[in-house]
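Notes to accompany the following structure.
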Amino acid sequence: MATRFGKRFANASLVIGNSSLPKSTQELVSLRASQINGCGVCTDMHTKDAAAAGESAVRLNLVAAWREATVFTEAERAALALAEEGTRLADAHTGVSDETWAQVRKHYDDDQVAALVSLVALINAANRINVIVRTPAGSYEPGMFDEFVS
């Protein structure tokens, strides 16, 4: 059961990964949600994958403080705001703010918005699975799960 579910879960991530949403944005969003959720293994994975794809250490180090950082574009800031508000649903009874939606719509087309919303949902699910089963962090190597995805 776990292997079948894991494979289907990973294949769902391929749809997002193959979207026109920039890969750097995908990694920043996944990293930020993982930080908020306290998912060490996902934080490890998305930090290393982003670095392997050429993301700078400065930007990776500032994701948790993106509001105060000058190294993110307006589009990335909109995506990070959506990631935070979509991850912290229980903290705000209104969900994602109108301001955040307006910024997301300003910078992303319909397909990219769909990918962004799907990504926030998927990474939150992955975080919860890994936190529940206490998956340890630190040993991830970029590409180590490539054969798992068909």
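Each residue takes its place number in the sequence, starting with 1.
- Interatomic distance, Asn37 CG to Gln35 CD, rounded to the nearest 0.5 Å: 10.5 Å.
- Side chains of Asp110 and Arg105 form a contact here, defined as non-hydrogen atoms less than 4.5 Å apart.
- There is a path of hydrophobic side-chain contacts, each under 4.5 Å, that joins Leu80 to Leu62.
- Using a 4.5 Å heavy-atom cutoff, the side chains of Pro22 and Glu76 are not in contact.
- Heavy-atom minimum distance, Glu55 versus Ser24: OE1-CB, 3.7 Å.
- The same ILVMFWY cluster, assembled from side-chain heavy atoms under 4.5 Å apart, contains both Leu122 and Leu82.
- Listed for the Gln26 side chain is no donor-acceptor partner under 3.5 Å among the backbone atoms of Leu119.
- Note on Val29: it clusters hydrophobically with Val96, by side-chain heavy-atom contacts below 4.5 Å among ILVMFWY residues.
- Using a 4.5 Å heavy-atom threshold, the side chains of Glu27 and Leu60 count as separate.
- Every pair passing ring pair (Phe, Tyr, Trp, His ring centres under 6.0 Å) that includes a residue from residues 108-141 is listed here, sequence neighbours excluded: Tyr140-Phe145.
- Hydrophobic clustering (ILVMFWY, side-chain heavy atoms < 4.5 Å, transitive): Leu28 and Val58 are in one cluster.
- Residues satisfying the side chain to side chain donor-acceptor pair (under 3.5 Å) criterion with Thr87, sequence neighbours excluded, are Asn124.
- Annotation for Val131 and Gly38: closest pair CG2-O, 3.9 Å, computed over non-hydrogen atoms.
- You'll find the side chain of Gln112 stays beyond 4.5 Å of the side chain of Thr25, heavy atoms only.
- Of all heavy-atom pairs between Ser139 and Met144, the closest is O-SD, 4.1 Å.
- Under a 3.5 Å cut-off, the side chain of Arg59 and the backbone N or O of Val71 do form a donor-acceptor pair.
- With rounding to the nearest 0.5 angstrom, the NZ atom of Lys48 is 12.5 Å from the CG atom of Leu31.
- The shortest heavy-atom contact between Gly138 and Asp44 is N-OD2, 3.0 Å.
- Counting heavy atoms from C-beta on, the side chains of Arg32 and Glu84 come closer than 4.5 Å.
- Grouping the Ile, Leu, Val, Met, Phe, Trp and Tyr side chains by contacts below 4.5 angstrom, directly or via other members, places Ile36 apart from Val120.
- Remark: the backbone N or O of Ala75 is not paired with any side-chain donor or acceptor of Lys106 at under 3.5 angstrom.
- Expressed to the nearest 0.5 Å, how far SG of Cys42 lies from CG of Asn127 amounts to 4.5 Å.
- Residues Gly143 and Asp49 come closest through the heavy atom pair N-OD1, 4.3 Å.
- One finds the NE2 atom of His107 at 12.0 Å from the CG atom of Leu116 (value rounded to the nearest 0.5 Å).
- Note on residues 54-78: no pairs pass ring pair (Phe, Tyr, Trp, His ring centres under 6.0 Å), not counting sequence neighbours.
- Sparse packing is recorded around CG of Asp98, with 12 or fewer heavy atoms of other residues, nucleotides or ligands lying under 6.0 Å away.
- Summarising the geometry, atom CD1 belonging to Ile123 is positioned 13.0 Å from atom OG belonging to Ser118; distances are rounded to the nearest 0.5 Å.
- Here the closest non-hydrogen pair linking Asn130 and Cys39 is CB-SG, 3.6 Å.
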